[in-house]
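The block underneath contains the structure these notes are about, expressed in structure tokens.
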Amino acid sequence: MEKRILVLGANGQIGTVLCKALVKRYGKQNVILSDIREPKEQISQFEIIDVCDKAHIAKVIDQFQINTIYHLAAILSGNGEKNPALTWKINHDATVQLFDLCVEKKIQTIFYPSSIAIYGSKTPKINTPQYTSFNPSTVYGISKLTGEMWSAYYHSRYGLDVRSIRYPGVIGWQSIPEGGTTDYAVEIYHGAIKEKYYNCFLRANTRLPMIYMDDVIRATIQLMEAPSENLTVRTSYNLASMSFTPEELYESIKQFIPEFKIEYKPDFRQQIADSWNESIDDSNAQRDWGWKPEFDLQSMTADMIKHLS
Ligand code: SER
């Protein structure tokens with residue numbers, strides 16, 4: 001059956017890039033985009049949708065005969081701490097409501113992103129296993145972890161085919177993240193190119209798992225196209241690519257922009273980053289749907305600078 005896709009949260013950091021890839025792959029006529037705000041660029045049919053408005057989503061599903069949903073709308077870790085109640089409403093309540101709607105409307109496949117924010121101080125920091133202890137420290141992390149649990153629940157109870165990846169920090173030149181803890185790794189390139197200076201809100205030695213946007217898009221589409229019977233993880237797949245510190249990222253950029261200067265002024269996000277992990281065991285994703293990253297720190301920096309310059 002032909003895919004008829006609805007994207008919720010199409011204007012965000014990942015949505016902006018993923019939507020273009022979906023339009024290219026499945027055709028403009030099969031991809032409906034939505035967000036709470038107008039898009040910067042109209043690449044396909046676009047609807048203003050508040051992700052909390054179940055009736056509106058139901059109407060759009062019927063109107064466009066949607067059978068596949070990418071649910072990307074969420075408030076990230078840093079911004080989430082400024083308004084926990086709203087973050088819970090959008091990240092958690094709207095998600096459970098959407099899963100219910102997907103059961104009602106017999107949606108075939110849903111993509112629901114999780115995050116490294118589900119890990120916590122009790123999670124092994126190095127080579128974090130797929131199944132281990134989780135104690136997220138942010139409302140964003142709690143909402144993503146419960147979202148994973150709901151994904152597994154809706155799959156086992158209703159047969160709903162929810163698929164999910166625990167994204168590391170995402171870096172890309174095409175879009176700007178809003179209010180996350182890993183945002184520094186995008187901002188730093190803009191600072192390096194425009195001002196030859198960046199004031200980093202994390203300490204120099206904070207090692208976090210990261211991934212380049214091209215790999216994010218490839219992973220997401222690969223998972224969404226994998227045969228359902230191959231998928232053994234119904235919470236969310238661990239996904240690994242690279243891990244580095246702000247200092248290592250700075251050094252990689254300096255090879256291209258030698259006059260680039262950095263200063264470190266950690267803010268409240270340092271505590272969030274300290275609760276996250278450093279590297280990830282993603283053997284389930286490798287085995288179940290053939291995951292393999294293509295970019296490392298060196299090739300990512302070269303590509304970022306080429307595009308942003
Ligand atoms: N990039 C996200 C954040 O920093 C993590 O999923 O909040």
Side-chain angles (χ1 to χ4, degrees), residues 9 11-18 70-84 86-88 90-92 95 111-121 123 125 128 134-148 151 164-190 200-203 206-217 219-220 223 235-246 249 266-280 282 285 293 300 304:
N11 297 351
Q13 185 199 10
I14 296 171
T16 304
V17 190
L18 182 63
Y70 286 76
H71 170 35
L72 307 178
I75 298 181
L76 294 183
S77 59
N79 277 353
E81 293 310 286
K82 295 177 191 157
N83 195 340
L86 178 69
T87 304
W88 190 253
I90 291 175
N91 292 11
H92 175 270
T95 299
F111 181 74
Y112 169 73
S114 184
S115 156
I116 53 169
I118 65 149
Y119 309 127
S121 57
T123 308
K125 274 199 181 302
T128 306
F134 306 109
N135 59 324
S137 63
T138 58
V139 65
Y140 171 71
I142 301 170
S143 68
K144 286 294 175 188
L145 183 57
T146 44
E148 288 191 9
S151 303
S164 178
I165 290 173
R166 293 170 180 157
Y167 288 134
V170 176
I171 299 155
W173 53 270
Q174 303 94 326
S175 54
I176 305 283
E178 257 180 89
T181 302
T182 57
D183 295 13
Y184 92 84
V186 179
E187 291 172 3
I188 192 171
Y189 287 101
H190 292 268
C200 185
F201 60 76
L202 294 184
R203 266 195 317 270
T206 313
R207 186 174 302 281
L208 288 172
M210 300 278 185
I211 186 168
Y212 196 42
M213 186 67 85
D214 295 43
D215 279 333
V216 166
I217 304 303
T220 308
L223 172 63
T235 47
S236 184
Y237 277 95
N238 267 7
L239 193 83
S241 174
M242 53 185 112
S243 292
F244 53 77
T245 65
L249 179 54
D267 69 11
F268 73 101
R269 286 169 284 192
Q270 182 65 52
Q271 213 183 338
I272 299 178
D274 287 342
S275 75
W276 292 356
N277 64 340
E278 294 187 8
S279 60
I280 296 167
D282 66 356
M300 171 176 80
M304 284 292 284

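Order of listing sets the numbers, starting from 1, for every ligand and every atom in it.
For the ring-ring contact (aromatic ring centres under 6.0 Å, His included) test, no residue two or more places apart in sequence or in another chain qualifies with Tyr119. The side chain to side chain donor-acceptor pair (under 3.5 Å) search around Thr235 returns none, not counting sequence neighbours. For Asn11, there are no side chain to side chain donor-acceptor pair (under 3.5 Å) partners at least two apart in sequence or on another chain.
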Under 3.5 Å, N/O to N/O: give me all the pairs between ligand 1 and the protein, one per line with atom names and distance.
| from | atom 1 | to | atom 2 | distance (Å) |
| --- | --- | --- | --- | --- |
| ligand 1 | 1 (N) | Thr182 | OG1 | 2.8 |
| ligand 1 | 4 (O) | Ser77 | OG | 3.4 |
| ligand 1 | 4 (O) | Thr181 | N | 2.6 |
| ligand 1 | 4 (O) | Thr182 | N | 3.1 |
| ligand 1 | 4 (O) | Thr182 | OG1 | 3.3 |
| ligand 1 | 6 (O) | Ser115 | OG | 2.6 |
| ligand 1 | 6 (O) | Tyr140 | OH | 3.0 |
| ligand 1 | 7 (O) | Ser77 | N | 3.1 |
| ligand 1 | 7 (O) | Ser77 | OG | 2.6 |

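Without hydrogens or angle criteria, Gln174 side chain to Thr16 main chain gives no donor-acceptor distance under 3.5 Å.
Between Thr245 atom OG1 and Met210 atom CE the span is 9.5 Å, to the nearest 0.5 Å.
By the 4.0 Å N-to-carboxylate-O rule, Arg166 lies close enough to Glu148 to be salt-bridged with it.
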